[in-house]
Each structure stands twice: as structure tokens, then as C-alpha cells.
There are 2 protein chains.
Amino acid sequence: MAGMADPLDTVFHALADPTRRRILSMLLEDDMAVTDVAAPFEMSLAAISKHLGILTRAGLVSQERRGRVKWCRLEPNALRDARIWMQSFGQFEAVNLDAFERFLEIELGADKGETDRKGG
Amino acid sequence: MAGMADPLDTVFHALADPTRRRILSMLLEDDMAVTDVAAPFEMSLAAISKHLGILTRAGLVSQERRGRVKWCRLEPNALRDARIWMQSFGQFEAVNLDAFERFLEIELGADKGETDRKGG
DNA sequence: TTGTTCGTCAACCGTTTGGTTGAATATGCG
DNA sequence: CGCATATTCAACCAAACGGTTGACGAACAA
């Protein structure tokens, strides 16, 4: 078909739909079966299946079949490139990326269990 | 009218097109007139004008008319919401956002002119 | 005035998107 | 086996997308 696009195309396009962003938010809390992902939406299962396909092709979600059930898991690393691309434009222009990485290591290593940031 | 969409829809959709991302990269270096933005592209001026409209409606670009010429400026702050949304999903999950803000203040205040990483 | 440049508008075109429905394919259970 | 469950596939549809072209208005110069 029309040729493979830049991964950024795929990721940003996947994120441009509110249904898909909502799906990602749901998967942030837990892995889910396709049917359970579809449950809260007022659209057909097939539509959700398509959305999950788009998210999967974008690398944002991985799917593993276990028996009849296909489990969907969030793959947050796929956002990395997009985030890095965006950083070129943000107010972080002048940020030293090395220092940024160090900051993250400290933050992530320090109090893993203390942060209670699961607000809706 | 299909109603106003979530700003995240608009921003991510604007970013999902390689032409538009390239335009943003160009504007990162300098403000430009519409005609000059269009110059390096192999498509019509009208097409670029449309792309600039999409970027403007997304808040990523502002346009100011001076005489005949319409100047386009990058508005990187519009990426803020998108970036914050993405941070929920990244490897930065556990990052304390307050500490993150402090980090940025320090980084941005410390060596404003030293970093010279304009790759691309 | 006439003419040129800058940029948008309007109409059109083919392709893609996001949704529907119904059939098909697995898998599991009795 | 026969039947329900889980998920996708295929065909279809209206609407939006990304592009084109030609006409248009606004600003400047002669």
C-alpha cells in the first residue's frame, strides 16, 4: 500500500483520536482483554478492535493471545521518540538531556512506591 | 459543525503529518512568511497555506499580517498539554512533577546559552 | 491606472478514516 | 458433538483528509 510512513506519523495519528487515548488511559491501570476494553464504549466491538489494531501498529500497545482471550498491554516506550521530538519545541529547549536523564534516574530510583499518582 | 474537539485531538492530529512537522522544524529556526515556508516543498502554496491553517488552529503557530506578508511564528507552548499528557505513559511514570518543574527551572536558569544541540 | 506579489477561497478529486453490520474463525465448555 | 464466547474479517458508508487548480482580494510599485 501507500508505503510505510515515518513512525512519528503513526504514533501521533494514533494519539489524535480521543477513543484511542481513552483506551491507553484504561490500559495504564491494567492489562485488559479486548472485550473488556470495549465495554465502557458506546460503539461496536469491531470498532474497538480496529482502534486496538491502530494502537498496536503504532507500537503503543502489545497484544498477547491466551486461549480465546487477547490481552492488551500498554507499551509506553513507543512514546519515547514522539516525546523526544516534541522536546525540541518545548520550553525545554535549553535543557541538557544528560542532566535530564540523571534527574529521571534519581526520581525513579528514589521512592518507587511513594508516589500515588493514579488520579483519573 | 462537528463541534469543537479536545485540544489534544487537534494538536496530535496536526503533528501527525510529516509536512507539518517539517514546517514546525523550519519555524524553529526563524519566523517566516507563508511564501518562504512553502518554497522548499514540492506542493502548491495553497496546500502549505492549509497546513499552516491547521497548525495555527492547533495553536502551534501564530500568524501576524504585516502589509502583504503574513509572518508565521512557532508557538511551542501549545505542545505543553500534549507533552504532559504523554508523560503519564512514559518511563517517567513515577516522576514527581513538582520535582520535574524544579529541575526545569534549574536547567533553564543555569546555562541558557551553553547548550548548542540543534541537530536536524 | 495597470501590473505584480502575497495569500486565501471555492470547487473539485481520489484516498483514508472511523464507524456500521453480518459472517467467519478460534477457543472453551457441557 | 453442539453451543456459547472472544475476536477478527469483509463489505459498505458518510465524512474528513491532503492535494490540485483557478479565481479572488489586498497591498505595494510603476
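The sequence lines fix the lettering, A, B, ..., with proteins before strands; numbering per chain opens at 1.
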State yes or no: do Trp71(A) and Leu28(A) share one hydrophobic cluster built from I, L, V, M, F, W and Y residues joined by side-chain heavy-atom distances below 4.5 Å, directly or via other members?
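In one cluster with Trp71(A): Leu28(A), no.
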
Under 4.0 angstrom, heavy atoms only, what part of the nucleic acid is Ile48(B) near: base, sugar-phosphate, or nothing?
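Touches nothing.
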
Contact class for Leu52(B) vs. all strands (heavy atom < 4.0 Å): base, sugar-phosphate, or nothing?
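No contact at all - Leu52(B) keeps every heavy atom at 4.0 Å or more from the nucleic acid.
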
Whole angstroms only, please: what is the [atom1]-[atom2] distance between [X] and [N]?
| X | N | atom1 | atom2 | result |
| --- | --- | --- | --- | --- |
| Phe41(B) | dG18(D) | CZ | P | 14 Å |
| Met32(B) | dC6(C) | CE | C1' | 15 Å |
| Glu64(A) | dA6(D) | CD | C1' | 16 Å |
| Ile54(A) | dC9(D) | CD1 | P | 13 Å |
| Trp71(B) | dC6(C) | CH2 | P | 11 Å |
| Asp9(B) | dA15(D) | CG | P | 19 Å |
| His13(B) | dT17(C) | NE2 | C1' | 10 Å |
| Phe12(A) | dG18(D) | CZ | P | 15 Å |

Chi angles and distances behind the side-chain contact (heavy atoms from CB on, under 4.5 Å) call for Leu27(A), Arg73(A):
CA-CA 6 Å; Leu27(A) 292 177; Arg73(A) 166 168 35 228; over 6 Å; no

Can you give one letter per nucleotide of nucleotides 21-30 of chain D, 5' to 3': B if a protein heavy atom sits under 4.0 Å from the base, S if only from the sugar-phosphate, - if neither?
B-----BS--

Could you go step by step and tell me if His51(B) and Met43(B) meet the side-chain contact (heavy atoms from CB on, under 4.5 Å) rule?
CA-CA 11 Å; His51(B) 281 304; Met43(B) 73 180 73; 4.2 Å; yes

Would one find a side-chain N or O of Lys70(B) under 4.0 angstrom from OP1 or OP2 of dT8(C)?
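For Lys70(B), the contact criterion (side-chain N or O under 4.0 Å from OP1 or OP2 of dT8(C)) is met.
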
Residues of residues 15-22 of chain B with any non-hydrogen atom less than 4.0 angstrom from an atom of DNA chain D: list those, numerically ordered, please.
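Those residues are Asp17(B), Arg20(B).
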
Closest approach to the side chain of Lys50(A), judged atom by atom: which nucleotide of dT20(C), dT17(C), dG18(D) is it?
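Looking only at side-chain atoms, Lys50(A) lies closest to dT20(C).
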
Closest nucleotide among dA6(D), dT20(D), dT8(D) to the Met43(B) side chain:
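Between dA6(D), dT20(D), dT8(D), the one nearest the side chain of Met43(B) would be dT20(D).
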
So which heavy atom on Pro40(B) is nearest to which on Met26(B), and how close?
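That would be CG-CE, 3.6 Å.
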
Using atom types as modelled, flag every donor-acceptor pair under 3.5 Å from a side chain in residues 61-70 of chain B to any protein atom, sequence neighbours excluded.
unit_1	atom_1	unit_2	atom_2	d
Ser62(B)	OG	Glu75(B)	OE2	2.9
Gln63(B)	OE1	Thr56(B)	OG1	3.2

Knowing that exactly one of Val11(B), Leu15(B), Asp17(B) qualifies, which makes a side chain to side chain contact (heavy atoms under 4.5 Å, CB included) with Phe12(A)?
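The passing option is Leu15(B).
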
In this structure, which one of Asp9(B), Asp6(B), Leu8(B) forms a side chain to side chain contact (heavy atoms under 4.5 Å, CB included) with Pro18(A)?
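Between Pro18(A) and the candidates, side chain to side chain contact (heavy atoms under 4.5 Å, CB included) is satisfied uniquely by Asp9(B).
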
Check whether any side-chain heavy atom of Leu60(B) sits under 4.5 Å from a side-chain heavy atom of Leu24(B), and report yes or no.
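Of all side-chain heavy-atom pairs linking Leu24(B) with Leu60(B), at least one is under 4.5 Å.
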
If I take atom CG from residue Asp30(B) and atom SG from residue Cys72(B), how far apart are they, to the nearest 0.5 angstrom?
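Going from CG on Asp30(B) over to SG on Cys72(B), the span is 12.0 Å.
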
